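Heads up: numbering here begins at 1 and tracks the sequence. Remember, predicted model here, so these are calculated numbers, not experimental data.
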Amino acid sequence: MSSDFSEADITALLDEYITYPEQVWYTIAAFLFLVGCFQWGSFIHSKFARRRHYEPDEETATTNVIQYKFSLRRIPLAIINFYRVVAFRWTLEIGQSYTLNMAEVFVTVAYIALLLVYAFINTTSVEGQKLDVIYWSNRIAMLAASQFPIVTVLGTKNNLVSLVTGISYDRDMKLNYIHRMMARTCFMLLCVHAVGEMISSSYYPFKLIKAPNGPGVIALAALFVLVIVSLRPVRSRAYEIFFYIHFLGVL
């Protein structure tokens, strides 16, 4: 681990602090747009597609049987139905009372992988030190902080994400689950940032003078309390305590 910190390192860090969170936001926005296209496309197709209705009788019974044949126009609908079955009907059971559908599993894994990739990519210093702590430590904090706006939005009903994607707050791929998952992922990143700060303070003592860690410790402690009270056993047994602590902790 290098103890030298050059002007070139500072320039690279400042650029990454801005561009990497922006790229994460662009990736999330592109994903939401894609999901919205599928959801609204399916909705429009179900509402406005022309359907022919035949009244069965003795003369047309044989004709109706012949009508059910393979058609290329039905392939998109078949793909959509297959996607819905896989995404929302296949489930992964965790323990005896916790179940995730495949859409939630995919979003969780993809989101965590996205943040970790942007946290640890290009962390080699100008001097050639790989995984330089000063690179990934501060960058992780910036990535986590950049996610708080969308975490807050997902915690409300009838939000913009629900409008764009057509996904409800508490059905199928639940937005309230995505809200909790993203908040806990940000908490995990901030814990890694805290460890990085403790490691880097011995190599870069000036950091403790220029950026006091007191407010960060308090904020991380508040987020820790929020994560604990949001766990299902606590939330289900003492919802009022969860509600008030959640409200005060966010403030």
Side-chain angles (χ1 to χ4, degrees), residues 17 19-36 38-39 87-88 91-92 94 98-121 136-196 216 219-236 239 242-243 245-251:
Y17 288 168
T19 57
Y20 283 8
E22 286 181 351
Q23 291 175 13
V24 170
W25 266 95
Y26 291 148
T27 304
I28 295 175
F31 175 74
L32 294 178
F33 177 77
L34 182 63
V35 173
F38 275 105
Q39 293 287 350
F88 303 121
T91 59
L92 175 66
I94 302 175
Y98 206 80
T99 303
L100 298 177
N101 57 47
M102 290 297 104
E104 293 170 339
V105 172
F106 170 77
V107 170
T108 301
V109 173
Y111 181 73
I112 295 175
L114 175 67
L115 291 181
L116 290 179
V117 167
Y118 273 98
F120 292 102
I121 194 174
W136 57 260
S137 175
N138 291 323
R139 189 193 300 167
I140 282 180
M142 296 296 294
L143 288 171
S146 69
Q147 298 303 296
F148 286 145
I150 191 172
V151 170
T152 303
V153 169
L154 291 175
T156 62
K157 294 183 179 180
N158 302 320
N159 55 67
L160 181 61
V161 176
S162 179
L163 176 64
V164 172
T165 61
I167 300 175
S168 65
Y169 183 77
D170 53 2
R171 292 184 59 189
D172 295 333
M173 185 172 63
K174 311 176 188 67
L175 290 184
N176 59 355
Y177 163 78
I178 304 299
H179 162 74
R180 295 192 299 271
M181 180 273 295
M182 294 180 70
R184 292 165 185 172
T185 303
C186 290
F187 173 73
M188 175 193 69
L189 294 180
L190 291 175
C191 288
V192 176
H193 164 69
V195 173
L220 184 60
L223 186 56
F224 171 75
V225 174
L226 289 177
V227 170
I228 294 300
V229 298
S230 68
L231 296 176
R232 177 174 293 183
V234 180
R235 191 176 69 251
S236 60
Y239 182 80
F242 155 75
F243 177 81
I245 293 180
H246 190 276
F247 181 78
L248 294 175
V250 171
L251 293 180

**Request:** Mind checking ring-ring contact (aromatic ring centres under 6.0 Å, His included) for Y239 and listing every partner two or more places apart, or none if nothing turns up?
**Result:** F242

**Message:** Applying side chain to side chain donor-acceptor pair (under 3.5 Å) as the test, list every pair that has at least one member in residues 181-190; sequence neighbours left out.
**Reply:** R184-S230

**Prompt:** Who pairs with F33 by side chain to side chain contact (heavy atoms under 4.5 Å, CB included), at least two apart in sequence or on another chain?
**Reply:** C37

**Complete:** When rounded to the nearest 0.5 Å, the distance separating CZ of F187 from CG of L220 is 5.5 Å

**Complete:** By side chain to side chain contact (heavy atoms under 4.5 Å, CB included), V195 pairs with (sequence neighbours left out) M198, I199

Report, one line per pair, each donor and acceptor closer than 3.5 Å where one atom sits in a side chain of residues 146-156; sequence neighbours left out.
from, atom 1, to, atom 2, distance (Å)
S146, OG, M142, O, 3.4
S146, OG, L143, O, 2.6
Q147, OE1, Y111, OH, 2.9
T152, OG1, F148, O, 2.9
T156, OG1, V153, O, 2.7

**Request:** First locate atom CG of L116, then atom CH2 of W136, and finally report the distance between them rounded to the nearest 0.5 Å.
**Result:** 11.5 Å

**Request:** Evaluate the side-chain proximity of F31 to V35: yes if any heavy-atom separation is below 4.5 Å, no if none is.
**Result:** yes

**Prompt:** Does the pair H179 and L175 meet the rule for a side chain to side chain contact (heavy atoms under 4.5 Å, CB included), with working shown?
**Reply:** CA-CA 6 Å; H179 162 74; L175 290 184; over 6 Å; no

**Validation row: L163, N158 side chains within 4.5 angstrom (heavy atoms)** = no

**Item:** Under the side-chain hydrogen bond (donor to acceptor under 3.5 Å, both in side chains) test, residues paired with Q23 that sit two or more places apart
**Value:** Y118

**Message:** Can you give me the closest heavy-atom contact between A141 and L190, atom names plus distance?
**Reply:** CA-CD2, 4.2 Å

